[in-house]
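Let me begin by presenting the structure, written as structure tokens, before commenting on it.
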Number of protein chains: 2
Amino acid sequence: MSEPRWLDAAQQRDWRAYIEGSVRLADLLDRDLKAKHGLTTAEYEILVRLSEAPERRLRMAELAEYASQSRSRLSHTVARLECKGLVSRGTCGDDKRGVNAELTEKGFAFLEQAARDHVATVREYFIDVIDPDDLKAVGRAFSAVAEQVAKAR
Amino acid sequence: MSEPRWLDAAQQRDWRAYIEGSVRLADLLDRDLKAKHGLTTAEYEILVRLSEAPERRLRMAELAEYASQSRSRLSHTVARLECKGLVSRGTCGDDKRGVNAELTEKGFAFLEQAARDHVATVREYFIDVIDPDDLKAVGRAFSAVAEQVAKAR
DNA sequence: ACGGAATAGTTGAAACTTCAATCACGTTGC
DNA sequence: GCAACGTGATTGAAGTTTCAACTATTCCGT
């Protein structure tokens, strides 16, 4: 059992500030999206990724990757979105194991409304309260984190 | 329906970097803690707060506040921790509605082990991959976010 | 061309979180 | 002193996520 390098006071403050701020922000965004549009953040994220894909369609595995979700979770979530009529599933031409998820017209229209509100909330509680230079730093920091986590697997 | 102020390209890049990085980091920390110690992040957070409280004891409502959890969630989570023998519950002397959660000896010993590993992982995937100035900026940014979210209620 | 290993995706059960209702106690005002 | 309201905490059910097992298809080596 080796002696750990503990965090110094400043590092600990910054880390905790991040944990608290991010948890509370995520909570708020979830509630907001749920109250106004009946969507979870995970569902919203899926709709966004689909809307940006060519033909508004992606294979499940790619969608899982872009939305940072496990495949199992994606299956369940897309099933729910399909029930709501926002997404449809169809088999892939070239690989018969594959499944394409596609944003329906209804899904696209729905997302347009949700995105307006969501962006406004993200501005109000995140973008607009952070100093522009600090925001850039946040971008750099979490890009590095994402990369490091990706390396781990 | 008013026209929203969309994010500019840089803001969007930074926001998405944050979302992706934070989701993946949270996933990794969760798995790590679960694999090595059988704890969820929520449970770990509770143990940490209790360990820092005077007498290693807090009222449920305070604990909920410090751990950024709903009271309901806390009840369930503490119930689980109680089953594992890491926390015990007792009534409050002065207010008979109140309940004190207290870290047991076993809980404290358990946490010491878990904290070593957790800190090492936080270092490896967060602290040590972020430029020190950027880390300070992250601290400032999320302090501001937490404050703004708190204002909303 | 065959068998084994890898990949894509789904499924059901268990674990966890959220939501609304509830219980118990405390506080206020009449 | 007690009725109405507020607060602290728990409960059970419904919804969501994780985990492990499973089906179907494709890839690879011989």
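Worth knowing before you read on, the calculation uses all heavy atoms, side chains too, and leaves out hydrogens, waters and symmetry mates. The sequence lines fix the lettering, A, B, ..., with proteins before strands; numbering per chain opens at 1. Keep in mind the model is a prediction, meaning the values are calculated, not measured.
B:Tyr66 is not connected to A:Ile19 by any chain of hydrophobic side-chain contacts under 4.5 Å among Ile, Leu, Val, Met, Phe, Trp and Tyr, and they are in different clusters. At a threshold of 4.5 Å between side-chain heavy atoms, the hydrophobic network of Ile, Leu, Val, Met, Phe, Trp and Tyr places A:Val119 and A:Leu39 in two separate groups. Residues A:Val48 and A:Val122 are members of separate hydrophobic clusters, defined by side-chain heavy-atom contacts under 4.5 angstrom among Ile, Leu, Val, Met, Phe, Trp and Tyr.
Comparing the axis of the opening five pairs of the helix from C:dA1-D:dT30 to C:dC30-D:dG1 with that of the closing five pairs yields an angle of 20°, rounded to 10°.
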Would you list the atom pairs, donor with acceptor, under 3.5 Å between side chains in residues 69-77 of chain B and any protein atom, with sequence neighbours excluded?
| from | atom 1 | to | atom 2 | distance (Å) |
| --- | --- | --- | --- | --- |
| B:Gln69 | NE2 | B:Ala42 | O | 3.4 |
| B:Ser70 | OG | B:Arg73 | N | 3.0 |
| B:Thr77 | OG1 | B:Arg73 | O | 2.8 |

Just list the side-chain donor-acceptor pairs under 3.5 Å for residues 136-146 of chain A, sequence neighbours left out, or say none.
| from | atom 1 | to | atom 2 | distance (Å) |
| --- | --- | --- | --- | --- |
| A:Arg140 | NE | B:Asp134 | OD2 | 2.9 |
| A:Arg140 | NH2 | B:Asp134 | OD1 | 2.8 |
| A:Ser143 | OG | A:Gly139 | O | 2.8 |

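Looking at A:Leu29 and A:Leu33, their side chains never come closer than 4.5 Å, going by heavy atoms from C-beta outward. Proximity of B:Leu135 to B:Asp131: side-chain heavy atoms (C-beta onward) are nowhere separated by under 4.5 Å. Taking 4.5 Å as the limit, some side-chain heavy atom of B:Lys84 sits within range of a side-chain heavy atom of B:Glu43. Side chains of A:Glu62 and A:Arg49 form no contact here, defined as non-hydrogen atoms less than 4.5 Å apart. Within the 4.5 Å cutoff, the side chain of B:Leu58 has no heavy atoms near those of the B:Asn100 side chain.
Atoms CD (A:Glu62) and P (C:dA8) sit 10 Å apart, rounded to a whole Å. Across the protein-nucleic acid pair, A:Arg59 atom CZ and C:dT7 atom P stand 13 Å apart, rounded to whole Å. A:Arg73 has its CZ atom 12 Å from the C1' atom of C:dC16, to the nearest Å.
Contacts between residues 63-70 of chain A and DNA chain D, counted as heavy-atom distances below 4.0 Å, involve no residue at all. Within residues 75-84 of chain B, the residues having any heavy atom closer than 4.0 Å to DNA chain D are, in order of number, B:Ser75, B:His76. Taking every heavy atom of residues 20-35 of chain B and every atom of DNA chain C, pairs under 4.0 Å involve B:Lys34, by number.
The salt bridge (charged side-chain N to carboxylate O under 4.0 Å, His left out) test applied to A:Arg16 returns B:Glu52, not counting sequence neighbours. Partners of B:Lys96 by salt bridge (charged side-chain N to carboxylate O under 4.0 Å, His left out), not counting sequence neighbours: none found. By the salt bridge (charged side-chain N to carboxylate O under 4.0 Å, His left out) test, B:Lys34 pairs with no residue at all, sequence neighbours left out. In this structure B:Arg57 satisfies the salt bridge (charged side-chain N to carboxylate O under 4.0 Å, His left out) test together with B:Glu55, B:Glu102, sequence neighbours excluded.
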Open item on the list: For a quick check, with a 4.0 angstrom heavy-atom cut-off, what is the B/S/- contact string for nucleotides 20-29 of chain C, read 5' to 3'?
Closed with: ----BBS---
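B:Ser68 and A:Arg24 are linked by a side-chain donor-acceptor pair at a separation below 3.5 angstrom, with hydrogens and angles left out of the test.
OP1 and OP2 of C:dT7 both lie 4.0 Å or more from every side-chain N or O belonging to A:Arg71.
Ring pair A:Tyr44/A:His118 is tilted by interplanar angle, where 30° to 60° counts as tilted.
Ion pair B:Arg59/B:Glu65 not flagged as a salt bridge, since none of the NZ, NE, NH1 or NH2 atoms sits closer than 4.0 Å to an Asp/Glu carboxylate oxygen. Ion pairing between a basic and an acidic side chain is recognised when a charged N comes within 4.0 Å of a carboxylate O; A:Asp128 and B:Arg5 show such pairing.
Read 5' to 3', the first and last nucleotides of DNA chain D with an atom closer than 4.0 Å to a heavy atom of chain B are D:dG6 to D:dC19.
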